[in-house]
Trainee: 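Before we start, here is the structure in question, set down as structure tokens.
In listed order, ligands and their atoms are each counted from 1. Reckoned from all heavy atoms, side chains included, excluding hydrogens, waters and symmetry mates.
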Amino acid sequence: MQVFKFGGASVKNAEGVKNLASVLQQVGYENTLVVVSAMGKTTNALEIVIKNYFDNKSELQSSIQDVKKYHNEILLELFENTQHAVFKKVSSIFEDLDYFLSRNKSPDYNFVYDQVIGFGELTSTTIISTYLNEIGLKNNWLDVREFIKTDDYYRRANVDWEHTQYKIKTNFDSSVLNITQGFLGSDANNFTTTLGREGSDYTAAIFAYCLNAESVTIWKDVPGVLNADPRYFENAQLLNSISYREAIELAFYGASVIHPKTLQPLQQKEIPLFVKSFLNPKNSGTMVGKGIGLEPDIPCYIVKKNQVLISLSSLDFSYIVEENISEIFKLLHLYKMKVDVIQNSAISFSVCFENTYNNLDRLLQHLKAKFKVTFHENVSLYTVRHYNEQAITSIESGKELLLKQLTQETIQIVTK
Ligand code: ADP
Ligand code: ASP
Ligand code: MG
């Protein structure tokens with residue numbers, strides 16, 4: 001039993017769907033579960049729909065129309081016969097979306113978000129499953145919400161492992177090719193929940209864990225895990241193999257190629273994770289597994305842009321002590337800032353974070369009442385694992401250095 005995950009980039013158009021079929025034909029699809037995300041940037045497009053809905057924007061209808069049109073164009077390229085039942089099926093999915101929005105009375109943004117955002121995955125898997133059946137790759141379409149059970153912490157739901165394990169053990173037929181949605185689950189009342197943005201990798205890992213799968217493969221637009229994001233670094237090199245621990249560290253520091261939650265369930269059962277190119281499916285890509293360190297052993301670079309760096313000192317030049325730090329963290333938590341680096345000295349405390357929910361002004365207002373505050377927006381945080389002198393120089397050259405912190409294996413540098 002193997003689990004495959006195809007992300008949005010792999011199925012962003014009709015050609016991508018055809019390529020998915022070709023990958024399955026090339027590498028084999030017996031006893032395979034295929035987890036699929038929403039097509040292309042559909043999740044972002046649905047986020048706009050949700051925002052328009054809550055802001056009572058006149059653009060609501062046109063934003064829904066954009067999503068419908070995008071999928072319809074893909075359908076028209078995949079199915080010559082416009083009388084094919086798939087057109088009706090996809091229309092009826094969108095009717096469900098219209099129906100939900102017209103009937104909804106809940107003012108809970110996060111709840112509504114999860115009910116709406118899932119239409120991306122429901123549509124993509126319906127199109128892909130039907131297309132594969134059409135060309136002879138017989139498969140079952142599964143509603144993932146009948147398998148992955150979660151709490152009702154909408155937008156970042158926590159998996160109820162016991163219940164999920166039970167559902168998968170009793171209802172999942174692993175002897176056939178199955179296609180299902182990434183990212184989604186359902187709560188005790190059967191409302192749709194989501195596992196957090198980019199959560200489809202995690203879905204693949206949850207199934208692999210519960211099914212004791214032999215392996216998980218995530219198919220990407222890159223040859224595998226590289227020692228840097230090729231969008232920001234030239235000459236990024238392929239890592240042939242890395243340990244779970246190393247992959248967890250890279251994901252934690254922000255290497256967006258693997259969702260951070262994906263690795264722990266796989267590590268627990270020692271299920272290998274392959275990251276491979278959907279354009280060259282026969283290439284070996286990267287294997288993440290037990291105890292293999294990092295091969296080749298080279299520095300790995302991670303950059304996070306658009307971070308905020310604030311430095312605080314007390315108004316009366318007294319020391320920054322536990323009490324102040326705990327207060328600062330309470331506020332960071334209150335405003336949902338994702339903290340990346342902290343550094344403290346006797347009279348000052350610096351913290352670099354991501355202003356995920358645009359709460360910076362309110363946070364600063366709060367802090368300024370108690371501390372002397374300096375801050376920089378739009379800074380970049382570079383993390384280098386397994387750094388050497390040359391790696392540090394290459395990051396620092398030509399930039400204004402705001403903060404630097406070293407541990408034995410990792411250096412973090414904040415620049416302007
Ligand atoms: P998916 O379609 O599965 O959602 P993503 O776009 O989330 O795929 O992830 C693939 C992208 O991750 C690549 O195009 C690449 O720009 C980026 N990326 C970031 N860090 C790395 C890395 N260390 N190695 C490879 N790709 C990386
Ligand atoms: N479609 C979701 C997202 O874009 C989940 C995923 O792609 O992993 O966040
Ligand atoms: Mg992604």
Side-chain angles (χ1 to χ4, degrees), residues 3-13 16-17 19-20 23 34-48 50 67 113-114 116-125 128 144 148 155-157 180-185 192-206 216-240 242 246-262 273-279 283 285-286 288 294 298-305 382-386:
V3 181
F4 285 174
K5 179 258 173 170
F6 287 88
S10 68
V11 290
K12 62 173 192 255
N13 51 28
V17 176
N19 182 65
L20 181 155
V23 170
V34 178
V35 172
V36 188
S37 307
M39 292 173 148
K41 303 273 178 224
T42 300
T43 306
N44 294 352
L46 286 168
E47 283 189 343
I48 294 172
I50 298 157
V67 177
Y113 180 101
D114 277 3
V116 171
I117 209 86
F119 281 96
E121 271 71 12
L122 292 170
T123 315
S124 70
T125 51
I128 291 162
V144 77
I148 296 192
R155 293 185 76 174
R156 216 181 296 160
T180 200
Q181 307 77 41
F183 183 45
L184 312 181
T192 305
T193 56
T194 61
L195 305 172
R197 285 300 309 263
E198 304 291 328
S200 296
D201 294 355
Y202 185 38
T203 306
I206 297 166
V216 174
T217 305
I218 52 181
W219 298 97
K220 295 277 176 184
D221 60 356
V222 280
V225 180
L226 308 173
N227 74 327
D229 186 338
R231 284 175 301 180
Y232 304 117
F233 295 84
E234 279 170 23
N235 310 322
Q237 259 175 278
L238 178 68
L239 303 173
N240 299 314
I242 50 182
E246 188 60 43
I248 288 169
E249 297 276 354
L250 292 174
F252 171 80
Y253 287 114
S256 59
V257 66
I258 306 173
H259 186 275
K261 279 185 170 173
T262 309
L273 170 70
F274 296 96
V275 181
K276 295 189 183 195
S277 158
F278 58 70
L279 295 173
N283 289 2
T286 300
V288 183
L294 180 68
I298 48 177
C300 297
Y301 302 80
I302 301 143
V303 60
K304 282 185 159 187
K305 306 243 171 188
Y382 290 88
T383 303
V384 189
R385 298 264 308 151
H386 312 282

Trainee: Which pair of non-hydrogen atoms, one from Ala247 and one from Ile242, has the smallest distance, and what is that distance?
Mentor: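 Taking every non-hydrogen atom into account, CB-CD1, 4.0 Å.
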Trainee: For Gly199, state whether at least one heavy atom is located under 4.0 Å from any atom of ligand 2.
Mentor: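 Under 4.0 Å: yes for Gly199.
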Trainee: Give me the ring orientation class for Trp219 and Phe4: parallel if the planes are under 30° apart, tilted from 30 to 60°, perpendicular past 60°.
Mentor: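 Plane angle over 60°, so perpendicular.
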Trainee: To which protein heavy atom is atom 7 (O) of ligand 2 closest, and what is the distance rounded to 0.1 Å?
Mentor: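 The closest one turns out to be Ser37 OG, 3.2 Å.
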Trainee: Do any nitrogen or oxygen atoms of Phe183 come within less than 3.5 Å of a nitrogen or oxygen of ligand 2?
Mentor: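 No.
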Trainee: Would Lys220 pass as a cation-pi partner of Phe6, given that its NZ or CZ must be under 6.0 Å from the six-membered ring centre and within 45 degrees of the axis?
Mentor: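 So Lys220 doesn't make the cation-pi contact.
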Trainee: Report yes if some heavy atom in the side chain of Leu250 is under 4.5 Å from a heavy atom in the side chain of Ile258; otherwise report no.
Mentor: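 In short, these two side chains do not touch, never coming nearer than 4.5 Å.
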Trainee: What protein N/O/S atoms are there under 2.8 Å from the Mg ion (ligand 3), waters excluded?
Mentor: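 Glu198 OE1, with waters left out.
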Trainee: Indicate yes or no for a side-chain donor-acceptor contact from Asn19 to the backbone of Phe278 under 3.5 Å, with no hydrogens or angles considered.
Mentor: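 Yes, Asn19 side chain to Phe278 backbone: donor-acceptor pair under 3.5 Å.
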Trainee: Nearest non-hydrogen atom to atom 8 (O) of ligand 2 belongs to which of Ser200, Ala204, Ala9?
Mentor: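 Residue with the shortest heavy-atom distance to the ligand atom: Ser200.
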Trainee: Under 4.0 Å from a heavy atom of Thr43: which atoms of ligand 2 are those, numbered in the order shown and with their elements?
Mentor: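 So the atoms of ligand 2 that pass are 1 (N), 2 (C), 3 (C), 4 (O).
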Trainee: Would you mind telling me which of Val3, Leu195, Leu184, Thr262 makes a side chain to side chain contact (heavy atoms under 4.5 Å, CB included) with Thr203?
Mentor: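 Checked Val3, Leu195, Leu184, Thr262 against Thr203; only one passes side chain to side chain contact (heavy atoms under 4.5 Å, CB included): Leu195.
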Trainee: Who passes side chain to side chain donor-acceptor pair (under 3.5 Å) against Glu121, sequence neighbours left out?
Mentor: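 Testing Glu121 for side chain to side chain donor-acceptor pair (under 3.5 Å), a comparison that skips the adjacent residues, returns none.
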Trainee: Identify, with sequence neighbours excluded, every residue that meets side chain to side chain donor-acceptor pair (under 3.5 Å) alongside Glu198.
Mentor: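 Expected list: none.
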Trainee: Enumerate, one pair per line, all nitrogen or oxygen atoms of ligand 1 lying under 3.5 Å from a protein nitrogen or oxygen, stating the separation to 0.1 Å; write 'none' if no such pair exists.
Mentor:
residue  : atom   : partner : partner atom : Å
ligand 1 : 2 (O)  : Gly8    : N            : 3.4
ligand 1 : 2 (O)  : Ala9    : N            : 3.2
ligand 1 : 3 (O)  : Lys5    : NZ           : 2.8
ligand 1 : 3 (O)  : Lys220  : NZ           : 2.8
ligand 1 : 7 (O)  : Glu198  : OE1          : 3.2
ligand 1 : 8 (O)  : Lys220  : NZ           : 3.1
ligand 1 : 9 (O)  : Lys220  : NZ           : 3.4
ligand 1 : 14 (O) : Asp221  : OD1          : 2.8
ligand 1 : 14 (O) : Asp221  : OD2          : 3.2
ligand 1 : 16 (O) : Asp229  : OD1          : 2.8
ligand 1 : 16 (O) : Arg231  : NE           : 3.0
ligand 1 : 23 (N) : Leu226  : O            : 3.0
ligand 1 : 24 (N) : Leu226  : N            : 2.9

Trainee: Are the side chains of Arg155 and Asp114 in touch, meaning some heavy atoms are under 4.5 Å apart?
Mentor: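 Yes, close enough: below the 4.5 Å cut-off.
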Trainee: Taking the six-membered ring for Trp, are Phe233 and Tyr382 parallel (under 30°), tilted (30 to 60°) or perpendicular (over 60°)?
Mentor: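 The rings of Phe233 and Tyr382 stand perpendicular, inter-plane angle above 60°.
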Trainee: Take atom CZ in Arg156; do more than 12 heavy atoms of anything else shown fall under 6.0 Å from it?
Mentor: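 No, because the 6.0 Å sphere around CZ of Arg156 holds 12 heavy atoms or fewer from other groups.
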Trainee: For ligand 2, which is the ligand I care about here, please tell me if Glu121 has any N or O atom under 3.5 Å from one of the ligand's N or O atoms.
Mentor: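 Yes, there is a polar N/O contact under 3.5 Å.
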Trainee: Do Val34 and Thr180 come close enough that some side-chain heavy atom pair is under 4.5 Å?
Mentor: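 Not touching, per the 4.5 Å side-chain cut-off.
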Trainee: Who's the nearest protein heavy-atom neighbour of atom 4 (O) of ligand 2, and how far?
Mentor: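 Checking every protein heavy atom, the shortest distance to atom 4 (O) of ligand 2 gives Arg197 NH2, 3.0 Å.
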Trainee: Looking at every non-hydrogen atom in both residues, tell me the closest pair between Ser256 and Asp229 and how far apart they are.
Mentor: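 Between these two residues, the closest heavy atoms are OG-OD2, 4.5 Å.
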